[in-house]
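Step one of this worksheet: look at the structure below.
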Protein chains: 2
Amino acid sequence: MRYPKDHGRQTRRRIVENASYGLRQNGADGLSVVDLMKLADLTHGSFYAYFKSRDALVVEALALAMDRTVAHWLDLMQGLPAEKGFDAVVEAYLSPRHRNNPARGCALPALAADIGRSGPEARRTFAGRLEKMIDIIAGLIPKRSPSDARHAAAGAIATMVGSIVLARAAGDKRLSDALLEAGRQAVRDQTGSATAEASPAD
Amino acid sequence: MRYPKDHGRQTRRRIVENASYGLRQNGADGLSVVDLMKLADLTHGSFYAYFKSRDALVVEALALAMDRTVAHWLDLMQGLPAEKGFDAVVEAYLSPRHRNNPARGCALPALAADIGRSGPEARRTFAGRLEKMIDIIAGLIPKRSPSDARHAAAGAIATMVGSIVLARAAGDKRLSDALLEAGRQAVRDQTGSATAEASPAD
DNA sequence: TGTTATATATGATGATGATCATCTAATATG
DNA sequence: CATATTAGATGATCATCATCATATATAACA
């Protein structure tokens with residue numbers, strides 16, 4: 001059937017967007033092509049009209065998820081001075097809400113381990129966006145040379161990612177909560193920032 | 001055939017041990033039962049004579065891997081004063097060698113994300129051993145109440161895990177190396193320890 | 001030495017996987 | 001209004017999966 005002008009483009013976007021949720025939830029290998037298409041209310045057959053392979057969709061979904069996190073960070077820090085912005089991002093990242101919502105959360109804890117086992121395309125996509133994320137956090141860290149700030153930003157991101165990964169894996173709620181709190185404290189210790197209170201979400 | 005007394009037990013151990021390597025390399029869902037048995041030079045059929053399910057083997061392999069890391073840490077710190085022992089563990093953990101050898105490395109960066117999506121049994125096994133790992137690191141951190149030390153230890157472990165996960169995923173070698181260095185610096189900043197040089201391996 | 005117990009192999013089953021070829025229906029364009 | 005075009009559906013292919021039933025070979029034991 002001949003459909004409205006860019007019906008195809010919109011549908012494609014819907015597939016990528018829903019995949020980016022589903023894959024964060026279930027892992028890069030956690031959903032079949034049938035599952036992925038079902039998320040967009042489609043049957044499996046047309047999949048290869050949109051993507052050259054399942055892997056290609058995974059890469060696009062990863063890129064979208066990471067771009068969304070970047071946008072979310074920029075939104076969280078908007079209008080705040082650097083230090084407050086940094087605290088806002090950290091508090092949101094290391095919140096129970098973020099831990100409990102992998103599908104809508106940052107792709108790093110959800111997918112980085114899988115990307116480490118993936119092909120060069122996925123790794124390159126990942127590396128490029130991670131650099132961007134490091135840049136943004138580095139811009140919030142005061143009193144350092146640009147290079148030192150990037151270093152500190154990378155450390156803070158690693159701490160946040162590790163805390164979420166471990167907090168999600170720990171079956172025990174007390175331990176899981178303690179890991180989030182330990183992560184917050186560790187980031188503070190790294191950057192010498194003050195204690196802060198901030199908003200929810202990733 | 002009737003085999004030597006505990007031939008079965010030894011074979012079972014071989015399966016679990018090889019699985020613990022293979023699963024760290026390829027992820028908790030990355031190898032089929034056929035693959036897993038092939039690692040122990042066996043065909044697939046006898047698998048269910050040893051394990052009640054594939055998941056049961058994953059849990060055993062996870063437990064073994066984590067126990068080995070605990071033993072390795074104790075070995076690394078043996079005979080050293082607390083602070084030197086801590087540095088030795090951190091330097092070994094955040095080394096290129098550990099990043100490049102997931103199969104023989106710590107199970108946390110290799111499998112924690114998968115465990116977060118697994119059943120309660122895997123999560124409980126994971127949580128129990130993670131507590132042990134936190135205790136060991138806490139014992140190396142000076143000048144704190146036991147509770148503060150555990151907090152700091154959890155933060156340091158989270159930083160190390162996040163750094164390795166990201167360093168493995170980053171396609172770019174420069175970025176990957178920078179992430180390891182950033183992780184080392186971050187752990188130092190968290191614990192106020194001095195710079196250190198130490199041995200390789202996980 | 002013959003029998004039995006059991007470690008591992010062979011092979012089957014039914015589900016599910018990714019990918020591809022083909023069909024159909026609806027709309028945009030003439 | 002007619003027709004060309006194409007979004008999406010149906011269905012098939014062949015591979016691989018976890019699990020299970022059964023066979024075989026051999027060492028232990030009587």
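Within every chain, numbering begins at 1; the chains are lettered A, B, ... in the order of the sequence lines, protein sequences first and strands thereafter. What you see is a predicted model; the values in this text were computed from it and never measured.
By the side-chain hydrogen bond (donor to acceptor under 3.5 Å, both in side chains) test, B:Tyr50 pairs with no residue at all, sequence neighbours left out. Residues satisfying the side-chain hydrogen bond (donor to acceptor under 3.5 Å, both in side chains) test with B:Lys38, not counting sequence neighbours, are none. Legend: residues meeting salt bridge (charged side-chain N to carboxylate O under 4.0 Å, His left out) with A:Asp67, ordered by chain and number and at least two apart, are A:Arg129.
Taking atom OH of residue A:Tyr48 and atom C1' of nucleotide D:dA7, one finds them 18 Å apart after rounding to whole Å. In this structure, B:Phe51 places its CZ atom 14 Å from C1' of C:dT8, rounding to the nearest Å. One interatomic measurement links the two molecules: CZ of B:Arg12 to C1' of C:dT8, which rounds to 16 Å at whole-angstrom precision. Rounded to an integer number of Å, the gap from CZ of B:Phe47 to P of C:dA9 is 14 Å. A straight line from CG of A:Leu57 to C1' of C:dA18 spans 13 Å, rounded to a whole angstrom. One atom, CZ of B:Arg14, and another, C1' of C:dT8, lie 11 Å apart when rounded to the nearest Å. The CZ-P distance, from B:Arg54 to D:dA18, rounds to 5 Å in whole Å.
Look at B:Ser53 and you won't find any side-chain N or O under 4.0 angstrom from OP1 or OP2 of D:dA18.
Among C:dA7, C:dA9, D:dG8, the nucleotide with an atom closest to any side-chain atom of B:Tyr50 is C:dA7. Residue B:Ser46 places its side chain closer to C:dA9 than to any other of D:dG8, C:dA9, C:dT19.
Residue A:Asn101 holds its CG atom at 13.5 Å from SG of A:Cys106, rounded to the nearest 0.5 Å.
Applying the salt bridge (Lys or Arg N to Asp or Glu O under 4.0 Å) test to residues at least two apart or on different chains, none of the pairs has a partner in residues 27-37 of chain A. Identified under the ring pair (Phe, Tyr, Trp, His ring centres under 6.0 Å) test for residues 25-49 of chain A, with sequence neighbours left out: A:Phe47-A:Phe51.
A heavy atom lying under 4.0 Å from DNA chain D marks the following residues of residues 26-44 of chain A, by number: A:Leu42, A:Thr43, A:His44.
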